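Input: a single structure, listed below in structure tokens.
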Amino acid sequence: MAEEKKEAKIVGFLCNWCSYGGADTAGVSRFKQPTDLRIIRVPCSGRVDPLFVVKALESGADGVLVSGCHPRDCHYSEGNFYARRRLEVLKRFLPFMGIDPNRFEYTWVSASEGQRWQQVVTKFTEQIHNLGPAPKREEKSDR
Amino acid sequence: MTDREEKISELIKNELNNVDFFIAYGRGYDPIHVKPLFVYEEKDLDDLVMNIFCVHNNASYLKTVKDKKVGIVVKGCDSRAVVQLIQEGLINRDNLRIIGIPCTGVISIKKLKEKMDISRVTEAKVESDSVIIKTSDEEKRFEKDDLLADKCLWCQYPTPVIYDHLVGETIEPSRPKELEYKIVEEMEKEDLNVRFEYWNKELSRCIRCYACRNVCPMCVCQDQCVMESRNPHWISLKSNITEKVMIQLIHAIHLAGRCVSCGECERVCPMDIPIFKIKQKMNQIVEELFDYKAGIDLEATPPLYTFQVEEAKIKEREW
């Protein structure tokens, strides 16, 4: 029997209008996808508080993916513009705290881009598998 | 009383009718400890001091007195907090009377403590570039720069950016700006896992007293703070490293583009955790990405409250 890779814990925050639709399209089109991603549907990428990402990572997720509508295509017209600023700040901030920035990505996938969704998931899952399980924080007492 | 203290006293006396009270600096229990002074009537002014030991950021009180008319004595760095609060509409400029104090730096008591026993200080004075501390059995002289708080060594705003009255002459910034993010850059020379372990070690000492949050002039949510809320339940009451790290991550993220680098969070930390580094990293990111510094311009919008359709410096990954 071929050696089975242990599944990684990956959390995905997908906007209801584009990326969730895109993932659905990928499913309907029967594109093969890795199964490590747990999807959480949010109304808009602008709903994604950077704390969602941080909390997921601190609670033991190996990776977090945020995906929304392409800029200019937001269902609420500007939600993803705010999200872009917040998530970019977060992405640059994580390594300072010792968290690998590759454990977090944000990207844009529209509802028609089933193929692209397949690529995004495959690539991100692969990236997380290469990084391995997230390191666990341990209390250090020097008192 | 020094000339400067006389002048401040005089100004407060004249302004006292226009406000409910004034927040200034007052004598503490010994010459090196100053405390915030709340002036309600003229006789309260007897305790007023203004010296190199006035470390507090008085603007931290403004969030608790939103609807009152308040007078406040601010240094350059403190004034940025006032600007930021007004800019975000959290306090009303018309309710404020501001006395600005051009400042050449304040002493870090933590640094002083490392150099001598400060339990019995009888006298402290400044002579040009040195600080003289007398105790009952010794007299020590220090270079002023060796004792200044870190933030003063790269200070770019020695003169308050907002004031009604300025006491003394405007001071041009003379400290090297390059030093500003030095503590961050040094940290970044280390590997990712070294940093990971560093924060685990430092933050393990956290006793979750929330002093960093309480003193922060920008932490305006008060009782609504997500760190204490049960719904949403962002952090539990468990005393473990995950929660302790989470606290600092929340603080940093909520301050992105708003932190005015006053360094109060680190100054008040009873466990001496270097949390100001985290804030400075966030400030560096915001400055890099949006060319923005908080608390300078009354008309500006904090960068995370707005956006550009084409972001100049954000290159989104094409996946």
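Proteins get letters first, then strands, A, B, ... in listed order; numbering begins at 1 in each. Please read all numbers here as calculations on a predicted model, not as lab measurements.
At distances below 3.5 Å, not a single donor-acceptor pair connects side-chain atoms of A:E58 with backbone N or O atoms of B:M246. Not one N or O on the side chain of A:R86 forms a donor-acceptor pair closer than 3.5 Å with the backbone of B:L304. At distances below 3.5 Å, not a single donor-acceptor pair connects side-chain atoms of B:W234 with backbone N or O atoms of A:K55. Listed for the A:R85 side chain is a donor-acceptor partner under 3.5 Å among the backbone atoms of B:P303.
Counting non-hydrogen atoms of other residues, nucleotides and ligands closer than 6.0 Å to CD of B:E186 gives a total above 12. The number of heavy atoms from other shown groups lying within 6.0 Å of NZ (B:K182) does not exceed 12. More than 12 heavy atoms of other residues, nucleotides or ligands shown are found within 6.0 angstrom of NZ on B:K111. By the 6.0 Å contact criterion, CZ on A:R92 is enclosed, its count of non-hydrogen atoms from other residues, nucleotides or ligands being greater than 12. Around NZ of A:K136, the count of heavy atoms belonging to other residues, nucleotides or ligands within 6.0 Å does not exceed 12.
To the nearest 0.5 angstrom, B:F196 atom CZ is 15.0 Å from A:F96 atom CZ. With rounding to the nearest 0.5 Å, the separation of CD in B:Q308 from CZ in A:R84 is 9.0 Å. Taking CD1 of A:I99 as the start and CG of B:L192 as the end, the distance is 9.0 Å to the nearest 0.5 Å. With rounding to the nearest 0.5 Å, the separation of CZ in A:R137 from CG in B:N200 is 5.0 Å. With rounding to the nearest 0.5 angstrom, the NE2 atom of B:H254 is 5.5 Å from the CG atom of A:D49. How far OG of B:S204 is from CD of A:E138: 9.5 Å, rounded to the nearest 0.5 Å.
Of the two parts of B:V245, only the side chain, counted from C-beta on, holds a non-hydrogen atom closer than 4.5 Å to a non-hydrogen atom of chain A. Heavy atoms closer than 4.5 Å to chain B are found in the side chain of A:P71, but not in its backbone. In this structure, chain A has a heavy atom under 4.5 Å from the backbone of B:Y305, while its side chain stays farther away. Heavy atoms closer than 4.5 Å to chain A are found in both the backbone and the side chain of B:V184. If you measure heavy-atom distances from B:I250 to chain A, the contacts under 4.5 Å come from both the backbone and the side chain.
Residues A:E88 and B:K313 are not paired through a salt bridge, judged by the lack of any N-O separation under 4.0 Å between the basic side chain and the carboxylate. The pair B:E310-A:R72 meets the salt-bridge criterion, with a side-chain N (NZ, NE, NH1 or NH2) lying under 4.0 Å from an Asp/Glu carboxylate O.
With chain B as the partner, the residue from A:V54, A:L51, A:V89, A:L90 showing the most heavy-atom pairs under 4.5 Å is A:L51. Among B:R195, B:E243, B:E202, the residue making the largest number of heavy-atom pairs under 4.5 Å with chain A is B:R195. The greatest number of non-hydrogen atom pairs below 4.5 Å with chain A, out of B:L289, B:T242, B:L203, B:V226, is found for B:L289. In terms of non-hydrogen atom pairs under 4.5 Å with chain A, the most contact-rich of B:Q284, B:Q248, B:K277 is B:K277.
Considering only heavy atoms from C-beta on, B:T306 stays 4.5 Å or farther from A:F81 through its side chain.
In this pair, A:Y82 and B:F307 present their aromatic rings perpendicular. The plane angle is above 60°, beyond the 30 to 60° band.
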Between B:I278 and A:M97, does a side chain to side chain contact (heavy atoms under 4.5 Å, CB included) hold up when you go through it step by step?
CA-CA 8 Å; B:I278 307 177; A:M97 300 305 286; 3.8 Å; yes
